[in-house]
K.L.:
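Before I ask anything, let me first share the structure, which is written out below as structure tokens.
Predicted, not measured: the structure shown is a model, and the values here were computed from it.
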Amino acid sequence: MVLWPEKFVILKDGFSEGLPDRVIKSQMDVGPAKKRRRTILASYVIKFTCVIQISDVDEFRNFYLDNDFDVFDFKHPRTGNIVKARFNNVPTLAMNETFYNSIVEVEIIPW
């Protein structure tokens with residue numbers, strides 16, 4: 001399986017991590033809504049900015065295009081563990097004088 005290239009450096013500033021939503025809520029005719037656990041395992045989303053050297057922008061673009069719907073291995077920025085992930089949306093690229101910043105959102109998939 002393809003591994004997220006370490007040359008696309010993930011910044012800790014602005015990193016955010018959601019929690020898995022494992023509960024389903026059903027409205028009742030009378031009284032409070034009923035809640036139950038839908039599943040034990042659920043995916044969750046992390047958002048981050050990564051720094052890409054100008055010379056590596058085409059490689060980042062190709063990495064996205066080759067894996068835009070597929071699952072890839074990803075070193076989790078908080079835990080350091082290798083997890084399964086997939087792009088949750090299309091990354092954006094913003095050019096600076098010497099590098100690009102990319103805002104990326106990935107879904108962490110439980111396996």
Side-chain angles (χ1 to χ4, degrees):
M1 186 165 293
V2 177
L3 178 64
W4 175 271
E6 288 193 21
K7 65 170 59 178
F8 307 143
V9 179
I10 297 171
L11 300 179
K12 292 184 179 180
D13 186 34
F15 173 83
S16 68
E17 181 174 11
L19 296 174
D21 182 9
R22 306 180 311 169
V23 175
I24 190 166
K25 187 176 181 179
S26 303
Q27 294 297 328
M28 302 284 100
D29 289 337
V30 177
K34 181 177 166 182
K35 289 178 134 184
R36 64 182 173 82
R37 182 162 291 139
R38 176 182 347 178
T39 182
I40 294 173
L41 299 174
S43 64
Y44 61 95
V45 174
I46 63 173
K47 299 175 188 177
F48 56 88
T49 300
C50 67
V51 176
I52 304 165
Q53 299 301 318
I54 290 175
S55 60
D56 295 328
V57 169
D58 288 335
E59 186 176 343
F60 180 81
R61 184 178 185 279
N62 290 335
F63 180 81
Y64 171 73
L65 293 174
D66 291 344
N67 300 287
D68 54 352
F69 71 94
D70 209 0
V71 175
F72 53 88
D73 288 334
F74 182 77
K75 186 175 178 182
H76 195 289
R78 179 178 55 81
T79 66
N81 296 334
I82 300 296
V83 295
K84 304 294 183 201
R86 64 182 169 196
F87 287 101
N88 201 39
N89 60 16
V90 179
T92 59
L93 289 165
M95 186 175 181
N96 195 320
E97 290 297 321
T98 56
F99 57 88
Y100 277 83
N101 279 332
S102 179
I103 298 172
V104 181
E105 187 175 305
V106 296
E107 179 183 13
I108 305 301
I109 310 293
W111 289 92

K.L.:
Thr79 and His76: which non-hydrogen atoms are nearest, and at how many Å?
P.N.:
OG1-CB, 3.2 Å
K.L.:
Evaluate whether atom CZ of Arg38 has more than 12 neighbouring non-hydrogen atoms of other residues, nucleotides or ligands under 6.0 angstrom away.
P.N.:
yes
K.L.:
Of all residues at least two apart in sequence or in a different chain, which pass the salt bridge (charged side-chain N to carboxylate O under 4.0 Å, His left out) check with Arg86?
P.N.:
Glu107
K.L.:
So Phe8 and Val104, side-chain contact (heavy atoms from CB on, under 4.5 Å) or not? Walk me through it.
P.N.:
CA-CA 11 Å; Phe8 307 143; Val104 181; over 6 Å; no
K.L.:
More than 12 non-hydrogen atoms from neighbouring residues, nucleotides or ligands closer than 6.0 Å to CD1 on Ile103, yes or no?
P.N.:
no
K.L.:
Tell me who clusters with Phe99, hydrophobic residues only, linked when side chains sit under 4.5 Å apart either directly or through other members.
P.N.:
Leu11, Val51
K.L.:
Are Val2 and Leu65 connected, step by step, through hydrophobic side chains (Ile, Leu, Val, Met, Phe, Trp, Tyr) whose heavy atoms are closer than 4.5 Å?
P.N.:
yes
K.L.:
Quick one: pull up CD in Glu17 and CD1 in Ile108 and give me the separation to the nearest 0.5 Å.
P.N.:
8.0 Å
K.L.:
Using a 3.5 Å distance criterion without hydrogens, assess whether the side chain of Asp56 forms a donor-acceptor pair with backbone atoms of Ile52.
P.N.:
no
K.L.:
Group every Ile, Leu, Val, Met, Phe, Trp and Tyr by side-chain heavy-atom contacts under 4.5 Å, then state whether Tyr64 and Met95 land in the same group.
P.N.:
yes
K.L.:
Would you call the rings of Phe60 and Trp4 parallel, tilted or perpendicular, where under 30° means parallel and over 60° means perpendicular?
P.N.:
perpendicular
K.L.:
How about NZ on Lys84, more than 12 heavy atoms from neighbouring residues, nucleotides or ligands closer than 6.0 Å, or not?
P.N.:
yes
K.L.:
Has Leu3 got more than 12 heavy atoms of other residues, nucleotides or ligands less than 6.0 Å from its CG?
P.N.:
yes
